[in-house]
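Residue numbers count from 1 along this sequence. On a predicted model such as this, the values are computed, not experimentally measured, just so you know.
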Amino acid sequence: MDSDLRGAAVAALTELARSHHYRDRADAGKALAALADTPEALDPLLELVLDPADTYVTRVTSEALLRRKDSIGLKVVASALAVADQSHSEWIHTAVDDVLTLFGDDRDNAMRLCEEMSHDTDGRIALGARQLRQALAEIDPVFGPAQRGPAPT
């Protein structure tokens, strides 16, 4: 990976995240989610999930982070959930439902990661991870884990 180019992309997207137009901020959130493994992307992502002007930005950024299906994306969402007001919390939960209700394996993996994060030394991440895990536990995925055939006789 070219860290200089990734850093430049994060810097440009961080500027876009400050736009007065909600669509620009939502686009920045989607793109920054792909670069969430770059430390400089984390604070702008958290701000976008908690966007004070438009919860569309909250939903789109949360969905993009959850689609990463890794601890980095889940940590940002959990951290935001821990301090979110009622409206932002509802849209984060909507994103969780939209991304993680289809496949049981995806939901189960997210639950496992949240369980691990619930012991994080950052209290905000730990609290949000517990809240997120509780929401995930209420999901009944459309497609459960792969079905195993009958046991051989």
Side-chain angles (χ1 to χ4, degrees), residues 1-139 141:
M1 286 193 278
D2 190 323
S3 61
D4 290 340
L5 289 175
R6 291 173 67 79
V10 169
L13 290 166
T14 298
E15 282 300 311
L16 188 62
R18 294 185 186 115
S19 172
H20 295 290
H21 302 285
Y22 75 96
R23 288 185 185 262
D24 288 342
R25 294 192 312 278
D27 288 343
K30 284 189 278 190
L32 279 169
L35 298 167
D37 57 333
T38 305
E40 297 80 18
L42 297 178
D43 286 338
L45 280 165
L46 183 59
E47 291 173 17
L48 289 166
V49 173
L50 297 171
D51 189 279
D54 199 305
T55 52
Y56 174 75
V57 178
T58 298
R59 182 177 182 175
V60 166
T61 305
S62 296
E63 285 177 0
L65 287 162
L66 293 165
R67 287 187 201 292
R68 289 180 57 93
K69 298 178 183 165
D70 66 4
S71 62
I72 295 169
L74 284 169
K75 278 185 181 183
V76 176
V77 173
S79 186
L81 189 57
V83 297
D85 62 25
Q86 183 66 30
S87 179
H88 286 87
S89 179
E90 288 176 12
W91 286 109
I92 292 169
H93 283 280
T94 298
V96 169
D97 288 342
D98 288 349
V99 174
L100 296 169
T101 57
L102 191 56
F103 296 107
D105 289 344
D106 291 343
R107 192 252 354 234
D108 294 347
N109 183 55
M111 287 181 68
R112 181 184 57 76
L113 291 171
C114 285
E115 178 60 31
E116 292 171 10
M117 291 185 308
S118 70
H119 305 292
D120 197 286
T121 56
D122 182 328
R124 191 161 124 176
I125 291 172
L127 173 62
R130 287 190 295 273
Q131 293 172 348
L132 193 52
R133 189 178 186 293
Q134 182 178 0
L136 290 165
E138 295 173 9
I139 292 175

Hey, could you give me the [atom1]/[atom2] distance between [X] and [Y], rounded to the nearest 0.5 Å?
X: Leu32; Y: Asp27; atom1: CG; atom2: CG; value: 11.0 Å
X: Asp37; Y: Arg68; atom1: CG; atom2: CZ; value: 5.5 Å
X: Ile125; Y: Leu132; atom1: CD1; atom2: CG; value: 12.0 Å
X: Leu45; Y: Leu35; atom1: CG; atom2: CG; value: 8.5 Å
X: Asp106; Y: Arg67; atom1: CG; atom2: CZ; value: 10.5 Å
X: Thr55; Y: Trp91; atom1: OG1; atom2: CH2; value: 5.5 Å

A side-chain contact here means heavy atoms from C-beta on lying under 4.5 Å apart; do [X] and [Y] qualify?
X: Leu13; Y: Pro44; answer: no
X: Thr14; Y: Arg18; answer: yes
X: Met117; Y: Cys114; answer: yes
X: Thr61; Y: Val76; answer: no
X: Leu66; Y: Leu74; answer: yes
X: Leu127; Y: Arg124; answer: no

Next item on the list: Just grab all the ring-ring contact (aromatic ring centres under 6.0 Å, His included) pairs involving residues 15-73, residues at least two apart or on different chains.
Entry: Tyr22-Tyr56
Next item on the list: For the pair Glu115 and Arg112, find out whether any cationic side-chain nitrogen is under 4.0 Å from an anionic carboxylate oxygen.
Entry: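 Looking at Arg112 together with Glu115, the answer is no, because their closest N to O distance does not fall below 4.0 Å.
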Next item on the list: In plain terms, say whether Asp122 and Lys75 are close enough for a salt bridge, that is, a side-chain N and a carboxylate O under 4.0 Å apart.
Entry: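 Not counted as a salt bridge, because no side-chain N and carboxylate O are separated by less than 4.0 Å.
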For [X] versus [Y], what's the shortest heavy-atom pair and its separation?
X: Leu50; Y: Val83; value: CD1-CG2, 3.7 Å
X: Ala80; Y: Val49; value: CB-CG1, 3.3 Å
X: Asp97; Y: Thr101; value: O-OG1, 2.7 Å
X: Ala36; Y: Ala41; value: CA-CB, 4.3 Å
X: Ser62; Y: Val77; value: O-CG2, 4.2 Å
X: Ser19; Y: Asp24; value: OG-OD2, 2.9 Å

Margin query: Between Glu138 and Gln134, does the side chain to side chain contact (heavy atoms under 4.5 Å, CB included) criterion hold? Intermediate values first, please.
Written below: CA-CA 7 Å; Glu138 295 173 9; Gln134 182 178 0; 4.1 Å; yes
Check: Any donor and acceptor pair, going by atom type alone, linking the side chain of Ser118 with main-chain N or O of Ala126 inside 3.5 Å?
Finding: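 Such a contact is absent between Ser118 side chain and Ala126 backbone.
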Checklist line | N/O donor-acceptor pair under 3.5 Å between Arg107 side chain and Ile139 backbone | finding: yes
Margin query: Taking side chain to side chain donor-acceptor pair (under 3.5 Å) as the criterion, tell me which of Arg59, His88, Arg25 meets it with Asp51.
Written below: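 For Asp51, the side chain to side chain donor-acceptor pair (under 3.5 Å) check succeeds only for Arg25.
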Next item on the list: I would like to know whether Leu81 and His93 meet side chain to side chain contact (heavy atoms under 4.5 Å, CB included); could you show each step before the answer?
Entry: CA-CA 9 Å; Leu81 189 57; His93 283 280; 3.8 Å; yes
